[in-house]
Amino acid sequence: MDEIIEKLNFLKKEKNAVILAHIYQLPEIHDIADFVGDSLDLSRKAAQTDADVIVFCGVHFMAETASILSPNKKVLIPDANAGCPMADMITAEKLRKFKSKYKNPVVVAYVNTSVAVKAESDICCTSSNAVNVVKSAAADKTDGSRDIIFVPDRNLGGYVQQMSGIKMNIGNGFCPTHNNLILPEYVYKAKEEHPQAEVLVHPECRSEVISLADQIMSTGAMCRYVEKSNVKEFIIGTETGILYKLKKDNPDKNFYPISFLSVCPNMKKITIAKVLDVLINMKNIVSVSEDIRQKAYIPILKMLKISAQA
Ligand code: 13P
Ligand code: SF4
């Protein structure tokens, strides 16, 4: 392992590369990354870095967002097949059809979407800023009659609608990991086993799970919340990759997943061997054609501006 890390450090210097990793990545990736964060933090980092090469350890839409924000940098994804099934649940064609049902709608696209879907949208959001983004989209309506479309996640959309009181037309997408593998009966069981623990869940979970939680937050917000809290035990409702970071940053606290089954197989496709491979061979470059990139850049930039104000 030491040899691999030595080689990685050499290549990073030689190529002026930075390794960005999502919180759901394997422990071996957390340990070699220059920065580990949620999807909003990662897009901010990608926009700010002065590296020439970004090795993006996450799923495809995240690397694509980095490439949209930094067209002059080479963005490499260690496994080109690391996709996001939720992002695949809405295509540009499906979105155009959805839009055609309304007169001049405002489209809010979760960042878990393809560049083509973003190019059809007015503003993006992540799980950490979705409520503020939707409030701003509602305030921005030139007249009271513009409908708001929210795609693709029905769970995040439903949660935002409840928190903001703003009525939206929500897509029917979902995350298989959060929606299918984190269930209310598991929450009851975890609470019974750990009655002192606070329950934190991601807004991609189904509403029956969200209603049982003490806090609903993005992965990055969970990490920040736990560090500041005086509570010593937490039940965690999101992808299990977060547990490594939580324990590493808070060795005196205990974390119990609602379910050990809540794994995102795509996030786990990235390994240290693949990181090394793409850096040596400069392969798996994520590229976006310039005309569509320019269109997708606008809703992402709008989101980043709102997040900077929050
Ligand atoms: P975060 O915005 O919390 O990083 O979540 C991204 C994601 O894909 C959750 O499944
Ligand atoms: Fe997509 Fe779900 Fe995996 Fe997140 S956890 S990347 S939403 S499949």
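Counting convention: from 1, in listed order, for ligands and their atoms alike.
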Would you say Glu239 contacts ligand 2, with heavy atoms under 4.0 Å as the rule? no

Atoms in ligand 1 with a heavy atom of Thr219 nearer than 4.0 Å: 1 (P), 3 (O), 4 (O)

Salt-bridge present (Glu185, Lys189; N to O < 4.0 Å): no

I want to check a possible cation-pi pair here: Arg293 against Tyr297, using under 6.0 Å from ring centre and within 45° of the ring axis as the test. yes

Which part of Asn112 is near ligand 2, with near meaning a heavy atom under 4.0 Å away: side chain, backbone, both or neither? side chain

Report yes or no: does a heavy atom of Cys175 sit under 4.0 Å from some atom of ligand 1? no

If the contact criterion is a heavy-atom separation under 4.0 Å, does Glu239 count as touching ligand 1? no

For Ser218, the ligand 1 atoms with a heavy-atom partner under 4.0 Å come out as 3 (O)

If we only count heavy atoms from C-beta on, is the Arg146 to Pro105 side-chain gap below 4.5 Å? no

So, is Asp38 polar-close to ligand 1, with some N/O to N/O distance under 3.5 Å? no

Heavy-atom distances under 4.0 Å decide this one: backbone, side chain, both or neither, for Met86 against ligand 1? neither

Between His30 and Gln25, is there a donor-acceptor pair closer than 3.5 Å when you use the side chain of the first and the backbone of the second? yes

Using modelled atom types and a 3.5 Å cut-off, is there a donor and acceptor pairing between side-chain atoms of Ser100 and backbone atoms of Lys97? yes

Rounded to the nearest 0.5 Å, what's the gap from NZ on Lys268 to OH on Tyr24? Could you check? 9.0 Å

Which of the atoms in ligand 1, numbered in the order shown and given with their element, are less than 4.0 Å from a heavy-atom of Asn112? 7 (C), 8 (O)

To the nearest 0.5 Å, tell me how far Lys94 NZ sits from Glu120 CD. 14.5 Å

Within the 4.0 Å heavy-atom cut-off, what His22 brings close to ligand 1 is side chain

Suppose I only count heavy atoms of Pro85 and a 4.0 Å limit; which atoms of ligand 2 are within that range? 8 (S)

What's the shortest distance from atom 2 (Fe) of ligand 2 to any protein heavy atom, and which residue and atom give it? Cys175 SG, 2.3 Å

Would you say atom 3 (Fe) of ligand 2 has Cys264 as a near neighbour, meaning an N/O/S atom of that residue under 2.8 Å away? yes

Is it the case that ligand 1 has an N or O less than 3.5 angstrom from some N or O of Ser128? no

Crowding at CD, Glu290 (>12 non-hydrogen neighbours, <6.0 Å): yes

Determine, stepwise, if the pair Glu233 / Lys253 fulfils salt bridge (charged side-chain N to carboxylate O under 4.0 Å, His left out). CA-CA 6 Å; Glu233 288 188 301; Lys253 300 186 181 180; over 6 Å; no

Electrostatic pair Lys248-Asp31, nearest N-O below 4.0 angstrom: yes

Looking only at protein heavy atoms, identify the closest one to atom 1 (Fe) of ligand 2 and say how far it is in Å. Cys84 SG, 2.4 Å

So, does Lys118 use its side chain to make a donor-acceptor pair with the main chain of Thr113 at under 3.5 Å? yes

Please check whether Tyr110 reaches ligand 1 - meaning an N/O of the residue sits under 3.5 Å from an N/O of the ligand, judged on distance alone. no

Residue His178 vicinity, atoms of ligand 1 by number, heavy atom under 4.0 Å: 10 (O)

Could a heavy atom of Val59 be found less than 4.0 Å from some atom of ligand 2? yes

